[in-house]
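A note on names: the letters A, B, ... follow the listed sequences, proteins ahead of strands, and every chain is numbered from 1.
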Amino acid sequence: MDFYQRVASVCRQIPYGKVATYGQIALLCQKPRNARQVGYALNKKITGDIPAHRVVNHQGILSGAAAFKNEQEQKRRLEEEGVKVDQGQQVDLRVYGWKNTLDDALLLEALFKSKGI
DNA sequence: ATACTGACTAATC
DNA sequence: TGATTAGCCAGTA
């Protein structure tokens, strides 16, 4: 169950103006095979102030799935942060992808520990 | 316990 | 390079 709490923590660490992939988040939660569960988490499990709009699939496409009130919502929020989204609902991961640093990893580890998850 | 589902991915063709 | 297939695994019924 703590997996979902980790997902929430990781999402909150995604920098403004950047995006991360489901697989990447799963990896950071130390569950490399749980990419789908990350999506599930964002969809059903997690509520609250999670910047889920910064999470896309490994191609940089906004999977969408009516995740937000109205579609286009995710795209709108990203562009608000300066992330360009093309008409195919895709962002350029080479430009906006969150490149995890060692600092990020350490920060997350400390965060998990402090929360006991 | 079994079967089906899905905001996913990596491998193959 | 682009499309298909084939694993994936927690949740739900």
Side-chain angles (χ1 to χ4, degrees):
Chain A
M1 208 53 186
D2 53 0
F3 170 72
Y4 297 109
Q5 295 174 47
R6 288 187 174 204
V7 171
S9 297
V10 172
C11 288
R12 276 190 276 260
Q13 292 310 137
I14 302 174
Y16 180 96
K18 295 284 178 107
V19 299
T21 69
Y22 298 96
Q24 189 174 31
I25 292 170
L27 207 57
L28 291 171
C29 293
Q30 299 166 354
K31 297 281 183 186
R33 326 278 182 72
N34 284 29
R36 299 189 86 139
Q37 282 60 232
V38 173
Y40 175 78
L42 264 35
N43 187 35
K44 299 267 171 85
K45 282 293 185 182
I46 297 179
T47 56
D49 58 333
I50 305 299
H53 60 285
R54 298 192 188 131
V55 185
V56 299
N57 72 15
H58 74 127
Q59 291 181 8
I61 293 175
L62 283 53
S63 307
F68 300 87
K69 295 193 170 187
N70 50 342
E71 305 181 16
Q72 306 298 311
E73 173 71 3
Q74 183 172 17
K75 176 176 177 179
R76 192 185 64 69
R77 285 196 195 172
L78 284 172
E79 293 186 324
E80 221 169 50
E81 301 186 355
V83 176
K84 251 191 308 186
V85 182
D86 74 14
Q87 59 177 358
Q89 309 285 275
Q90 183 173 47
V91 306
D92 190 342
L93 287 176
R94 290 170 308 178
V95 177
Y96 306 107
W98 179 30
K99 298 169 186 69
N100 303 67
T101 65
L102 180 57
D103 282 348
D104 292 324
L106 292 175
L107 176 61
L108 285 168
E109 205 174 318
L111 211 53
F112 293 156
K113 195 170 203 176
S114 74
K115 293 188 173 187
I117 57 180

(request) Go through the steps for A:R36 and A:Y22 under the test side-chain contact (heavy atoms from CB on, under 4.5 Å), then give the verdict. (result) CA-CA 7 Å; A:R36 299 189 86 139; A:Y22 298 96; over 6 Å; no
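Within a 6.0 Å sphere centred on NZ of A:K18, other residues, nucleotides and ligands contribute more than 12 heavy atoms. Sparse packing is recorded around CZ of A:R33, with 12 or fewer heavy atoms of other residues, nucleotides or ligands lying under 6.0 Å away.
Going from atom CZ of A:R54 over to atom CD1 of A:I14 covers 7.0 Å, rounded to the nearest 0.5 Å.
Between the NZ atom of A:K45 and the P atom of B:dA7 there is a distance of 15 Å, rounded to whole Å. The interatomic distance linking A:K31 (NZ) with B:dC8 (C1') rounds to 17 Å, in whole Å. Atoms NE2 (A:H58) and P (C:dA3) sit 13 Å apart, rounded to a whole Å. Straight-line distance from the CD atom of A:Q90 to the P atom of B:dA7: 19 Å, rounded to whole Å. Protein atom CD1 of A:I61 is 19 Å distant from nucleotide atom P of B:dG6, rounded to whole Å. Between the CD atom of A:Q24 and the C1' atom of B:dA7 there is a distance of 15 Å, rounded to whole Å. One can place CG of A:L78 at 18 Å from P of B:dA7, the figure rounded to the nearest angstrom. Following rounding to the nearest Å, A:I46 (CD1) and C:dA10 (P) show an atom-to-atom distance of 16 Å.
Between the side chain of A:Y22 and the base of B:dA7, a donor-acceptor pair under 3.5 Å is found.
Between the side chains of A:E81 and A:H53, at least one donor N or O sits under 3.5 Å from an acceptor N or O. For the 3.5 Å distance criterion, the side chains of A:D104 and A:Q13 fail to qualify, holding no donor opposite an acceptor.
For A:R6 and A:F112, the positive end sits near the middle of the six-membered ring, less than 6.0 Å away and at most 45° from its axis.
Near DNA chain B, defined here as any heavy-atom distance below 4.0 Å, the residues from residues 12-21 of chain A are A:T21, listed numerically.
Distance alone, capped at 3.5 Å, is enough to place a donor-acceptor pair between the A:Q90 side chain and the A:Q59 backbone.
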Check nucleotides 6-9 of chain C for protein N or O atoms closer than 3.5 Å to its own N or O atoms and list the pairs.
residue : atom : partner : partner atom : Å
C:dG7   : O6   : A:R36   : NH1          : 3.4
C:dC9   : OP1  : A:R33   : NH1          : 2.9
C:dC9   : O2   : A:Q37   : OE1          : 2.7

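Applying the 4.0 Å criterion to OP1 and OP2 of C:dT12, one finds that A:Y40 has a side-chain N or O inside that range.
Comment: A:R77 does not engage A:E80 in a salt bridge, judged by the lack of any side-chain N to carboxylate O separation of less than 4.0 angstrom.
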